[in-house]
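Heavy atoms only: backbone and side chains are in, while hydrogens, waters and symmetry mates are out. Predicted, not measured: the structure shown is a model, and the values here were computed from it. Along the sequence shown, residues carry numbers from 1.
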Amino acid sequence: MKVLMVCLGNICRSPLAEGILQEKCKKLGLSWQVESAGTNGYHNGEPPHPQSQMVAKLNGIDISHQRSRAFKAKDYDDFDLIIPMANDVLSDIKYISRDKFSSTKTTLMLDFLFPGSSMDVPDPWSRSEAAYHEVFDLIDQACDKLIEEYTSTKQP
């Protein structure tokens with residue numbers, strides 16, 4: 001299973017999601033490939049936001065090696081599942097992907113935790129440290145549900 005986590009800049013939410021899911025897969029012995037990307041490209045090549053790195057580290061996950069990259073339409077050829085962190089990111093993905101967009105390969109992150117809710121993972125950018133902890137907790141719980149769903153019914 002190849003999973004791509006996507007947010008706007010690929011420095012706050014999606015790097016956390018990449019790190020969290022990688023760690024969970026490692027602990028469970030799942031050989032999933034997990035990466036992340038951003039739709040706006042403003043931070044290409046940059047490491048995750050210092051607050052994201054700090055919150056991940058407090059939870060035993062090192063994301064400091066990650067580097068931001070741009071989401072591209074070709075990602076639909078390379079990944080089994082593309083997970084936008086929010087509805088604006090989903091809109092960007094549709095725009096960038098054009099005819100490659102696949103609704104069957106795309107699920108909002110919080111739809112794993114709150115099915116059919118179409119809720120956004122809040123963007124912690126320029127907010128307090130508490131916002132980064134909130135985002136970590138939401139993504140952590142959603143990743144548990146994602147793993148549960150794909151290991152019980154959809155694992156290729």
Legend entry - Derivation and outcome, side chain to side chain contact (heavy atoms under 4.5 Å, CB included), residues M85 and I83: CA-CA 6 Å; M85 298 294 118; I83 304 177; 4.1 Å; yes
Do [X] side-chain atoms and [Y] backbone N/O form a donor-acceptor pair below 3.5 Å?
| X | Y | answer |
| --- | --- | --- |
| N87 | S118 | yes |
| E46 | S68 | no |
| D137 | E134 | no |
| K105 | F79 | yes |
| N10 | V6 | no |
| S97 | K94 | no |
| E23 | I61 | no |

Flag for Y76-T106: side-chain donor and acceptor within less than 3.5 Å: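 Looking only at side-chain atoms, Y76 and T106 do form a donor-acceptor pair, the distance falling under 3.5 Å.
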To check you understand the geometry: which heavy-atom pair defines the closest contact between [X] and [Y], and what is its length?
| X | Y | answer |
| --- | --- | --- |
| T107 | P84 | O-CD, 3.3 Å |
| P48 | I63 | CG-O, 3.3 Å |
| L4 | R69 | CD1-NH2, 3.5 Å |
| Q66 | G19 | NE2-N, 3.7 Å |

For this session: Look at the side-chain heavy atoms of Ile, Leu, Val, Met, Phe, Trp and Tyr, link any pair under 4.5 Å apart, and say whether L146 and V89 land in one connected group.
Result: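 They do not share one cluster, since no chain of ILVMFWY contacts under 4.5 Å joins L146 to V89.
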*asked:* Taking Y132 as the starting point, is it possible to reach M119 by hopping between hydrophobic residues whose side chains are less than 4.5 Å apart?
replied: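 Yes; Y132 is reachable from M119 via cluster members.
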Can you find a heavy atom in the side chain of [X] that is under 4.5 Å from one in the side chain of [Y]?
| X | Y | result |
| --- | --- | --- |
| L30 | Y150 | no |
| F112 | I147 | no |
| R13 | M109 | no |

Pair D77 + K100, salt bridge at N-O below 4.0 Å: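 Salt bridge flag = yes for K100 with D77.
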_Point-to-point distance, once rounded to the nearest 0.5 Å, from CD1 of I93 to NZ of K72_ =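 NZ of K72 is found 12.5 Å from CD1 of I93.
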